[in-house]
Amino acid sequence: MTDEEILRMLEDTTKEASRHQLETLRSILERQAGVLYLRSHLQGHDEQPVDAATFRRAVPLSSYDDYVDHIDRMADGLVDHDLPLLSVDTLLCFFYSSGTSAMKPKLIPYFDSKLSKAASFMAHQGSASILRRSFPPRTSVSKILWFIYADNIATTKGGFKVMAASTYPIHSGATNWSQFLSCSSPREVILGSNVEHQMYCHLLCGLRNSDFIDGIRVPYAIGLIKVFGLLESKWKQLCDDLECGVPSLEISDVAMRDSVIEVLGGPQPELSRRIWAICEDKNWGGIVSKLWPNVRFIRCVTTGSLAQYYPKLKQYAGEVPVLGGDYFASECCVGINMDITQPPERTRFILLPTAAYFEFLPFASDVTDVVSEETVDISGVEAGKMYEVVVTTYRGFYRYHLGDIVRVVGFYNSSPLVEFVMRAPRAPSEVVTEKDLLLAIEYFQSVLRSAMAVEITEFSSFLDLTLSPKLLKVYIEVREECMFLPKEKIEELVVILKECGSSIGDSLGDKYNVQRKRGEIDPLVVSIVKPGSFDALSQLAIENGAPATQYKPPKIIRNHQIVDFIEKRILVTVSLDG
């Protein structure tokens with residue numbers, strides 16, 4: 001299909017969103033009504049398939065915990081093919097969830113569904129068509145500096161592979177691999193096993209092809225922040241490698257070394273001198289176009305909790321536009337970003353009526369909980385209101401809490417136009433949301449920077465419910481060069497933290513402040529952790545199975561192992577009285 005045909009199909013689909021939604025649900029139920037999970041809820045409903053109203057009345061809202069026993073059985077190979085558990089389609093593999101609030105990610109089953117493949121194809125091809133419409137391909141400058149990692153594949157007890165959804169094309173055959181042929185790095189770099197070494201080699205190959213780089217891509221904004229941090233710390237080594245035509249001896253993977261040597265094509269002294277001249281000033285503002293003069297865009301997800309990295313990313317990008325990603329989850333595609341040039345606060349997604357059957361739970365931010373268990377469908381949402389997204393997918397999830405809060409800002413034809421607000425709270429006991437925390441840290445950063453010239457690089461929080469009153473802890477990491485803590489300065493730092501830190505409590509949202517005034521929660525505790533703590537946490541998560549491609553530092557920690565890990569790296573802690 002041509003780009004025009006794909007975009008026309010997307011346009012037509014959104015004009016009759018409600019009809020396509022009902023057809024999507026009917027298609028799912030016609031195929032999956034006999035699976036064990038649905039059979040227990042649809043007994044007595046002889047009409048096949050049931051209508052939307054009956055489906056929503058008979059099948060309860062669900063969460064991952066409602067599927068975990070079935071998923072564990074499938075992962076262990078304990079499947080009765082005459083009585084499918086979640087889907088009648090063949091199980092191909094499992095995807096890792098992208099959430100990182102626990103030490104180990106969830107397993108999302110990936111079934112061989114023709115209907116799902118068709119919906120996913122339209123979503124991904126639509127996204128590619130929109131990019132090509134905005135940035136028509138150029139034959140002379142056609143390389144993409146693509147920071148993508150195949151990740152280590154795990155295998156379940158039943159012999160099924162487990163991987164990140166974003167790396168499935170890499171592992172599923174030559175046809176899917178073809179989409180990475182424009183990557184400036186060779187296949188061996190993508191398939192490597194050491195993420196830091198892969199990142200270095202991606203960067204080295206990108207510098208070698210500096211005149212031919214059209215765009216820079218990475219799944220999430222934090223990935224590029226890490227890349228540019230690596231550039232700042234290792235630019236001299238990168239220049240030495242270019243001059244010699246051989247990657248650093250730190251790169252021990254033989255296949256990766258040999259492939260990079262081939263890309264370098266021998267010593268590049270002139271290129272090395274040019275990059276050295278650019279980097280030796282250590283003026284990293286606008287570094288992207290300085291190093292890659294023909295680059296037209298950077299593309300990554302910058303919405304939700306990833307919005308915190310956008311200002312720093314824009315500093316590196318300079319005049320190069322940072323394009324937003326689409327709204328795709330491991331469970332299904334949700335929405336597509338038709339206006340990719342908008343910054344995070346103005347990024348809007350058009351709900352795809354054929355991607356899944358969508359329902360919406362009204363959400364009230366002041367109580368950080370759903371308003372009711374009564375959902376509305378795609379035709380019942382109202383502009384200006386927030387909802388938690390509920391999906392019924394082609395691949396075995398039925399009325400499933402996706403865990404995302406969106407705000408409906410309008411409609412594109414008859415399909416809702418939404419902005420991603422945050423991940424949903426897990427329980428009514430949670431007193432702050434990701435959004436509250438992000439706003440509080442932004443304000444805290446502005447105050448702290450003027451007082452100490454300190455830049456916050458990462459943060460997270462933990463609500464200790466084992467104490468009475470409850471206690472909210474906020475962990476903050478700052479840039480290493482900002483952090484000098486001789487003993488005589490500790491007292492001064494504590495004073496400044498107390499002065500600045502009260503701004504966090506004032507900005508943490510209505511629910512926190514109401515409970516604080518009632519005495520249901522103790523004074524806020526702020527801890528500064530050692531530089532590199534969150535990088536170490538990400539490494540630990542990857543070692544425990546989290547895919548490097550999808551890793552995002554948790555903003556709301558709900559796992560005591562993560563808390564114990566962070567607590568051991570604390571430099572100074574301040575309990576705020578205000």
Side-chain angles (χ1 to χ4, degrees), residues 140-148 183-186 188-190 192 194-218 221-253 256-298 300 309 312-322 455 457 479-482 531-532 535:
S140 58
V141 183
S142 58
K143 292 287 187 181
I144 300 296
L145 176 48
W146 202 333
F147 292 92
I148 188 166
C183 183
S184 60
S185 301
E188 290 79 4
V189 172
I190 297 173
N194 184 303
V195 175
E196 186 173 348
H197 291 177
Q198 289 170 278
M199 187 186 301
Y200 182 90
C201 288
H202 276 311
L203 190 52
L204 183 59
C205 292
L207 290 171
R208 173 62 184 93
N209 289 285
S210 59
D211 289 336
F212 306 103
I213 299 299
D214 186 44
I216 300 174
R217 294 188 64 170
V218 70
I222 185 175
L224 275 184
I225 297 300
K226 290 180 179 293
V227 166
F228 290 121
L230 181 69
L231 175 67
E232 288 190 42
S233 64
K234 295 199 171 183
W235 64 269
K236 290 183 180 179
Q237 183 175 305
L238 288 160
C239 288
D240 288 343
D241 291 356
L242 288 169
E243 185 171 12
C244 298
V246 178
S248 165
L249 292 175
E250 290 179 10
I251 311 304
S252 55
D253 184 310
M256 189 154 61
R257 282 186 63 82
D258 289 347
S259 67
V260 172
I261 288 172
E262 186 173 344
V263 170
L264 293 178
Q268 305 295 327
E270 185 176 340
L271 177 61
S272 175
R273 285 193 293 271
R274 180 172 75 81
I275 294 172
W276 185 288
I278 292 169
C279 294
E280 67 177 342
D281 290 340
K282 297 185 179 180
N283 178 11
W284 306 109
I287 191 65
V288 170
S289 56
K290 295 175 187 175
L291 294 177
W292 297 284
N294 294 311
V295 73
R296 289 190 292 175
F297 64 87
I298 295 170
C300 57
Y309 308 107
K312 187 69 177 178
L313 186 53
K314 278 298 294 178
Q315 182 182 342
Y316 288 123
E319 297 301 315
V320 178
V322 177
E455 179 184 342
T457 58
R479 283 180 72 91
E480 188 167 6
E481 58 266 33
C482 301
D535 281 343

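Every heavy atom of this structure was used, including side-chain atoms; hydrogens, water molecules and symmetry mates were not. Small disclaimer: the values here were computed from a predicted structure and weren't measured.
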Between I222 and Y309, the two heavy atoms sitting closest are CD1-OH, 3.4 Å
G206 and L145 have their tightest heavy-atom pair at CA-CD1, 3.8 Å
Take L313 and I225, measure what side-chain contact (heavy atoms from CB on, under 4.5 Å) needs, and give me the verdict at the end.
CA-CA 6 Å; L313 186 53; I225 297 300; 4.2 Å; yes
Flag, side chain of E270 to backbone of Q268, donor-acceptor distance under 3.5 Å
no
Indicate the atoms forming the closest heavy-atom contact of V320 with S289, along with that distance.
CG2-CB, 4.1 Å
Interatomic distance, D535 atom CG to K226 atom NZ [nearest 0.5 angstrom]
3.5 Å
Any chance you could measure W284, atom CH2, to Q315, atom CD, to the nearest 0.5 Å?
11.5 Å
Distance check, rounded to the nearest 0.5 Å: I251 atom CD1 versus L204 atom CG?
8.5 Å
Kindly indicate, with the supporting measurements, whether the criterion side-chain contact (heavy atoms from CB on, under 4.5 Å) is fulfilled by D214 and W292.
CA-CA 8 Å; D214 186 44; W292 297 284; over 6 Å; no
Please step through side-chain contact (heavy atoms from CB on, under 4.5 Å) for the pair I275 and L238, ending with a clear verdict.
CA-CA 9 Å; I275 294 172; L238 288 160; over 6 Å; no
Residue among C183, P247, P186 satisfying side chain to side chain contact (heavy atoms under 4.5 Å, CB included) with C205
P186
Determine whether more than 12 heavy atoms belonging to other residues, nucleotides or ligands lie under 6.0 Å from atom CZ of F228.
yes
For the pair H202 (side chain) and I148 (backbone), establish whether a donor and an acceptor sit closer than 3.5 Å, ignoring hydrogens and angles.
yes
Verdict with supporting geometry, N194 and D253, side-chain contact (heavy atoms from CB on, under 4.5 Å)
CA-CA 9 Å; N194 184 303; D253 184 310; over 6 Å; no
Do L203 and L231 come close enough that some side-chain heavy atom pair is under 4.5 Å?
yes
In Å and rounded to the nearest 0.5 Å, what is the CG to NZ distance from D241 to K234?
10.0 Å
Is there a donor-acceptor contact under 3.5 Å from the side chain of R257 to the main chain of S248?
yes
List the atom pairs, donor and acceptor, that lie under 3.5 Å between side-chain atoms in residues 258-265 and the rest of the protein, sequence neighbours left out.
unit_1, atom_1, unit_2, atom_2, d
S259, OG, A255, O, 3.3
S259, OG, M256, O, 2.8

Do L224 and V227 come within less than 4.5 Å of each other through their side chains, counting heavy atoms only?
yes
Within the 3.5 Å criterion, strictly below it, is a donor on Y200 or Q237 matched to an acceptor on the partner's side chain?
yes
Inter-residue atom distance H197.NE2 - E250.CD, 0.5 Å rounding
5.5 Å
Looking at every heavy atom in both C201 and S185, which two are closest together, and how far apart are they?
O-OG, 4.3 Å
In terms of heavy-atom contacts, I190 and Q198 come closest through O-NE2, 3.0 Å
Measure the CD-CG distance between E243 and L271 for me, rounded to the nearest 0.5 Å.
10.5 Å
Looking only at heavy atoms, the pair that brings R274 and L291 closest together is NH2-O, 3.9 Å
Residue pair F297 / I144, side-chain heavy-atom distance below 4.5 Å:
yes
Does any N or O in the side chain of K290 come within less than 3.5 Å of the main-chain N or O of N283, such that one atom is a donor and the other an acceptor?
yes
